[in-house]
Amino acid sequence: MPPASAARKILRRLHDVMAGKAAAQAKLNQVVKIAADELGSEVASIYLLRDGVLELFATFGLAQTAVHVTKLSMGQGLVGNIAARREPLSLAEAKAHPDFAYRPETGEDDFHSFCGVPIVRREAAIGVLAVQHLEPRDYTEIEIEGLQTVAMVLSELIHSAGLVDDAQAMRMRAANSGPLRMNGLKLVDGLARGVAVFHQPRVVVEHTVADDVDVERTRLVEAFGRMRAQIDTMMGQAEFVAGTDHHEILETYKMFAYDEGWSRRINDAIETGLTAEAAVESVQSRNRKRMRSIDDPYLRERLTDLDDLSNRLLRTLSGQLSTAAQLGLQSDAILIARNLGPAELLEYDKRHLQGVVLEEGSLTAHVIIVARAMGVPVLGRVDQLFAQVNDGDELIVDAGNGALLVRPTAATIKSYQAMRVLKARQAEQWERVRDLPAISKDGRQIALYMNAGLLDDAASIALAGADGIGLFRTEFQFLVSATLPRRERQQALYQGVLAAAGDKPVVFRTVDIGGDKAVPYLAGGEEDENPAMGWRALRLALGRTGLMKVQARALLEAAAGRTLSVMFPMVSEPWEFAEARALMEAQRERLAAAGRAVPTDVQYGAMIEVPALIEQLDVLLPMTDFVSIGTNDLTQFLFAADRANPRLADRYDWLSPAILRVIRRVVCAAAQHDVPVTVCGEMGGRPLEALALIALGVDRLSITPAGIGPIKAMIRVATLAPLADMMLGWLAAPGVNIRAELLSAAKRQGLSF
Ligand code: PEP
Ligand code: MG
């Protein structure tokens, strides 16, 4: 019999069983009969997971008295082995296998060959389907796949009859998959524990046997059409070009999406009588099997891409398009994604989101800045993440040590708890200096402000021990909104922030949208090929003055009766600053003329993050009340190295002479013009880097709230003058390894990092 028609016949018979009115046990009895019939085997049996053990639930060919009597634990015997490894096993001589466990009550003495496949639901084994033959024989690929198809249908039957508890199966799977330690790059420091939740949840196929093959064929064609269109759009969209790796992945997606071979294999599976979803799943599980046997990392990666794409196709087919954020987190969760946009992360419920693990990711990408603001630890660049972690696995993220602990043992959980206690003790030490000023031993005072972007952050100024907010990224509100936030909403946020800050200063930065902070409602017009260097930030604001005027009014009215400090992002030439300032001043005059309350004073600042502006500081500085160095963008533009590209993430050192000399130039020029300088990039939040900035003459840092405690504690025990002298010497001497020199000088003072 040709294989496709054999499969079709089995599925037709299973379809009738599923549609029938018989009780669950009777249906299982019918299924084993069909499996034995169609595979020409003397025995077919179903084992299901109950109370943590695999119990014989139905058999054709073995003693009926063994049903509900014969039991095997996970990993025990051939059946337990299949369930534990979630892989098929076929043997010409079953008894010769070291794991063979003899069960006399079944009367299986006469049978030689054995073939079993796991019955899987939500990536957990909930049972095993096995056939046995009297004669020693080998099983063909096609026979094994046929059995897997029956197992897939069985999974649906078992679930709809409520025969196995899903949660119990997931726990068993976790216990059997064993613990694993994976390495990654610390993107946001911290320690977290929770269960794995995929940002794009895996689809569970609920309906496996087709009622009408033609309908399924059409559904597949339509789903392919929609998915290809989505990928084409994504390829063109600036926000998805954030990392170049991402682009490469999309190229691969595109190749697979248009691959005739893949769609043909799915169509062949539909021809046998599966629903379109079950057909995709069945081809996908074959692909996963191949994935496990391939060593070549490049090929493995491509197959992971195909796996990801299969899931996308399943989502398109089943209409289950929601992200885990939209579905809502139910308990403490560690979010798993290839990469995320800042807006996507902000959609998650902060109460349950404990940590994030990414397959990609880089230190200064905006999503990381958002995560830092949310206080969520992030581990990035974890290779093979999707192949090794399952939905619902218990995870510990130890970002500080660059580790992801998958399915940790009781001992690991204990040491995690001990580590948390230690961290809490360290936090207590920082707490002791929280309300004290950051004054060095030799009397130099450094102002430590915090970066913020959410209303909640503003509320934590006191908790962090910050002197105020040195950078409030107003675009966060735009990123979390589905539509352009209206003036009233903007104003309410700014008022809330100022109220929370009390008498501490707040520097609002006007919207920095574009680059990897794309918002769909502002897209329009032509796409940027290089979004980071494109129509973003102040360029966009000066081009769409309506947007800027609304924000100006919201800021001015929110700060009525007090000082408003506002700065503009991505200033490249002094005239841009002048124009932005004039625009705000015009709004202030209009408001005053209309009798509205306005700020008592407005302080205007410029972000220094485009190298060209540094060549014109003599023109810029006389116009500004303050400046703030954005080292994230400045580094990106100075080195021509995309800040969101993971491959460049640690290629350039923040303590390289190139950066430190540029910053020193700004510090000196600002001092001449008596203009205060703050550094507000991520660099300043790392203790050694902060020390370098302070040694360069920077007296104000605006950093991540979590960085304030350790940096304040460091400053209070440091003697800064000699470090500043040494720094000047290192900058003047070519070829010095400043990181190494500074580290050893700091250690000589007893500072620890
Ligand atoms: C910077 O570029 O350093 C900065 C602080 O701004 P953002 O990270 O928001 O671009
Ligand atoms: Mg910037």
Side-chain angles (χ1 to χ4, degrees), residues 187-188 239 242 341-343 345-346 361-374 378 449-454 457 469-480 506-519 530-541 565-572 576-577 580 605-614 626-645 648-649 652 654 659-660 662-663 666 677-686 689-690 693 698 700-705 707:
L187 294 177
V188 179
E239 58 188 308
L345 182 61
L346 280 164
S362 70
L363 210 53
T364 54
H366 280 106
V367 63
I368 302 307
I369 292 171
V370 170
R372 209 168 279 133
M374 290 168 81
V378 185
Y449 303 107
M450 61 179 250
N451 292 343
L454 306 167
D457 305 336
I469 297 179
L471 163 64
F472 189 88
R473 291 180 165 101
T474 59
E475 64 273 11
F476 278 19
Q477 187 184 31
F478 287 64
L479 289 172
V480 290
V506 178
V507 177
F508 289 98
R509 182 177 73 182
T510 57
V511 282
D512 183 358
I513 290 176
D516 62 340
K517 290 186 282 195
V519 286
N530 286 309
M533 298 194 283
W535 196 241
R536 67 173 270 207
L538 192 58
R539 298 163 185 179
L540 186 145
S565 295
V566 61
M567 67 179 173
F568 307 117
M570 286 285 290
V571 180
S572 310
E576 292 170 328
F577 172 82
M607 289 279 292
I608 298 191
E609 48 187 350
V610 178
L613 190 63
I614 298 171
F626 64 94
V627 291
S628 193
I629 305 178
T631 48
N632 303 336
D633 277 312
L634 186 58
T635 312
Q636 147 164 283
F637 297 128
L638 211 52
F639 284 110
D642 185 347
R643 63 193 269 185
N645 186 337
L648 302 176
Y652 303 102
W654 269 318
I659 298 182
L660 298 179
V662 164
I663 294 175
V666 179
V677 184
T678 307
V679 172
C680 65
E682 301 312 299
M683 173 182 177
R686 298 155 71 103
E689 279 77 356
L693 291 169
V698 174
R700 298 155 183 254
L701 296 174
S702 188
I703 58 181
T704 169

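All ligand and atom numbering here is 1-based and tracks the order in the structure.
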Checklist entry - What residue and atom, counting heavy atoms only, is the protein's closest point to atom 8 (O) of ligand 1, and at what distance? => result Arg643 NH2, 2.7 Å

Next on the checklist: Quick test: of every protein heavy atom, which one is nearest to atom 6 (O) of ligand 1, and how far off is it to 0.1 Å?
Outcome noted: Arg509 NH1, 2.9 Å

Checklist outcome for this item: Correct closest heavy-atom pair for Thr474 and Arg509 would be OG1-O, 2.6 Å

When you look for heavy atoms under 4.0 Å from ligand 1, do you find them on the side chain of [X], its backbone, both, or neither?
| X | value |
| --- | --- |
| Leu471 | side chain |
| Glu682 | neither |
| Asp512 | side chain |

Just jot down the ligand 1 atoms closer than 4.0 angstrom to any heavy atom of [X], in number order.
| X | value |
| --- | --- |
| Cys680 | 5 (C) |
| Ile369 | 8 (O) |
| Met607 | 4 (C), 5 (C), 6 (O) |

Any side-chain heavy-atom pair from [X] and [Y] closer than 4.5 angstrom?
| X | Y | answer |
| --- | --- | --- |
| Met374 | Leu346 | yes |
| Gln636 | Glu609 | no |
| Val698 | Ile629 | no |

Next on the checklist: With rounding to the nearest 0.5 angstrom, report the CE to CD1 distance, Met683 to Ile659.
Outcome noted: 6.0 Å

Checklist outcome for this item: d(Glu682 CD, Glu689 CD) to nearest 0.5 Å is 11.5 Å

Checklist entry - At the Mg ion (ligand 2), what's the angle from Glu609 OE1 to Asp633 OD2, rounded to 10 degrees? => result 90°

Checklist entry - Which word best sums up how the rings of Phe508 and Phe472 line up, parallel for under 30°, tilted for 30 to 60°, or perpendicular for over 60°? => result perpendicular

